[in-house]
There are 2 protein chains.
Amino acid sequence: MPSAPIQYGELPSVPLGAEFANRRALHTAGAHRPLQAGIDFAPGQPAASVILSGVYPDDDQGDMVVCTGQGGLEPGTSRAIADQRLVLGNAALIRNRNSGVPVRLFRKIGGVFRYDGLYAVDEYFRERYASDGFLRCRYSLRALNHSTPWVTRDERGGPIRVEQTVLRIVRDTAVTRQVKRLYDFTCQLCRVVLPTPVAPYAEAAHIRPLGRPHFGRDALDNVLCLCPNDHVLFDWGAITVLPETLTITGEAVLEGRPLLTVPAHHLDLLNFDYHHEAIFVPIVDRGDR
Amino acid sequence: MPSAPIQYGELPSVPLGAEFANRRALHTAGAHRPLQAGIDFAPGQPAASVILSGVYPDDDQGDMVVCTGQGGLEPGTSRAIADQRLVLGNAALIRNRNSGVPVRLFRKIGGVFRYDGLYAVDEYFRERYASDGFLRCRYSLRALNHSTPWVTRDERGGPIRVEQTVLRIVRDTAVTRQVKRLYDFTCQLCRVVLPTPVAPYAEAAHIRPLGRPHFGRDALDNVLCLCPNDHVLFDWGAITVLPETLTITGEAVLEGRPLLTVPAHHLDLLNFDYHHEAIFVPIVDRGDR
């Protein structure tokens, strides 16, 4: 079905608020090519558009949306029969997060599909639905400021794509300063200390992330002192710490090694449970790389 | 002279625009304690305030200021006789950059000292003045938005300090995507590849930084593919690459190792000259840690 080439960003023919009567019309306009899937992407590339339909009201706050990935359904029905895996469109949305490329967001409202602008993919996590017990891939989307339009680049020489910046937010609070002091800036996973000219450098990583939809606490029992490399791997679900043994899993070099801890650092092990369930991606669930 | 305890952030007794007749008045108010030095700091802590005087007009753009560190002068005169070193107040301003703690900025205007608000320290670099041939420590400061006041914390239990966020900006442009593809996400310094669940992760580092005051170019001959750890060390001047030999220097483990390069990646060696001069801090110049 997606025969036309994929197009990223704003489309001249699709202004904000444009309405489409059905999926075929979206396909024909090149606005969202697949006729069934809710995520339009090309192999190995970020997603270009997402259709939001049937989300819980809590998940759609207008400028902030939490959407669900694809897959895990019984063929021909909307009944979940398996966990969603980090493959196809679900993996593509991670590439949006990593690269800063936004998606066009369409909302299904009263039977028609309305274009609601470009959204950045800020976060990825996993959530097990209590209703059926299966895991979903979940993404936090954020509406971009439309006064600074994002322009796509035509591979044949159209307008140049506007520069993206991907921000890695490194918080500095009383708690994050405290954990770095406790470990003297030593990474609790790989034990590295990064020496910069005036002081060692480390980052504080929240085990259960702060803010919607995770609601982790900015407390000493929810932070680790990590080097930037392991902070990326931990936040993006490549590695986790098993609460039973406080050992590391998910990555070849660190596999089975103990977390570095000092007696003064009390950790709330429930935060590791949360990280294991919502953030960590087990190796068997890792799809097309 | 700095006998009163150091105070960070806005002071209730010093509103925006407040004027002080002389340095003694600044000292008495606790607004800037030293009577001669232009940087007020406590040992091992960030700076609390900076006095801007006699800067080149180009260096003061109002909300964006480039200021110069202290030291290197002949005693009792304003004549430079040595390079400035990364010690005392000069090292303290690096701690502001690393932690996000802002400084109070005072401008000397018409003989009086005016409080112009809180500024974040965004960048540190070194600059050799053509006029005398000596190196200066230089800092880019940025005015904070005064609609979201920054509150200091009284160690004896006053108001809590507002959370800071330190942003590590990771740019995503055609050039940065290209360099990561060229090296298949391998760090050109330490050779690590960080495997996240859908794709390896690397960052593109500009050798000569973009924007004021460096004016480096976003071009393939000015970027390296680095892991986040080495990106921090490179940007903060702990390590550099010698243009003559393309070997690494400044850090024990990597010392003398060759930069990883591929034939398709043409590098402009003048950018390494710039990094060596302006960003890298030679080990002999590294002061109180």
Side-chain angles (χ1 to χ4, degrees), chain A residues 44 86-87 90-95 97-101 124 153 160-174 176-177 187 190 192 194-201 203 218 227-233 235-238 250-253 280-283 285-289, chain B residues 44 86-87 90-95 97-101 124 153 160-174 176-177 187 190 192 194-201 203 218 227-233 235-238 250-253 280-283 285-289:
Chain A
L86 207 48
V87 298
N90 298 345
L93 284 169
I94 305 269
R95 294 189 196 98
R97 181 197 60 181
N98 295 6
S99 64
V101 171
Y124 160 73
R153 181 162 73 138
I160 294 297
R161 199 180 111 167
V162 169
E163 177 186 319
Q164 299 299 301
T165 55
V166 180
L167 299 177
R168 291 197 53 231
I169 298 179
V170 181
R171 289 187 177 76
D172 180 67
T173 65
T176 65
R177 286 189 294 278
C187 176
C190 74
V192 84
L194 292 188
T196 79
V198 291
Y201 178 89
E203 296 177 355
D218 187 30
C227 70
N229 281 5
D230 285 334
H231 195 178
V232 166
L233 292 177
D235 277 2
W236 292 12
E251 198 273 322
V253 175
F280 179 62
V281 182
I283 290 168
D285 290 341
R286 299 179 191 178
D288 46 325
R289 296 198 160 215
Chain B
L86 207 48
V87 297
N90 299 344
L93 284 169
I94 307 269
R95 295 189 196 98
R97 182 198 59 182
N98 295 8
S99 64
V101 172
Y124 161 74
R153 182 164 72 139
I160 293 298
R161 200 179 111 166
V162 168
E163 179 185 319
Q164 298 299 301
T165 55
V166 181
L167 298 177
R168 290 197 54 230
I169 297 179
V170 181
R171 289 187 176 76
D172 181 67
T173 65
T176 65
R177 286 189 294 276
C187 177
C190 74
V192 83
L194 292 188
T196 78
V198 291
Y201 178 90
E203 296 176 356
D218 187 30
C227 71
N229 281 5
D230 285 335
H231 195 179
V232 166
L233 292 176
D235 277 3
W236 293 11
E251 199 272 323
V253 176
F280 179 62
V281 182
I283 290 168
D285 290 341
R286 298 180 191 177
D288 47 325
R289 295 200 161 215

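Below, chains carry the letters A, B, ... as their sequence lines are ordered, and counting in each starts from 1.
Taking every heavy atom of both residues into account, A/Gly237 and B/Pro197 meet most closely at O-CG, 3.6 Å.
For A/Val253, no part lies under 4.5 angstrom from a heavy atom of chain B.
The NE2 atom of A/His231 sits 12.0 Å away from atom CG of B/Asn229, with the distance rounded to the nearest 0.5 Å.
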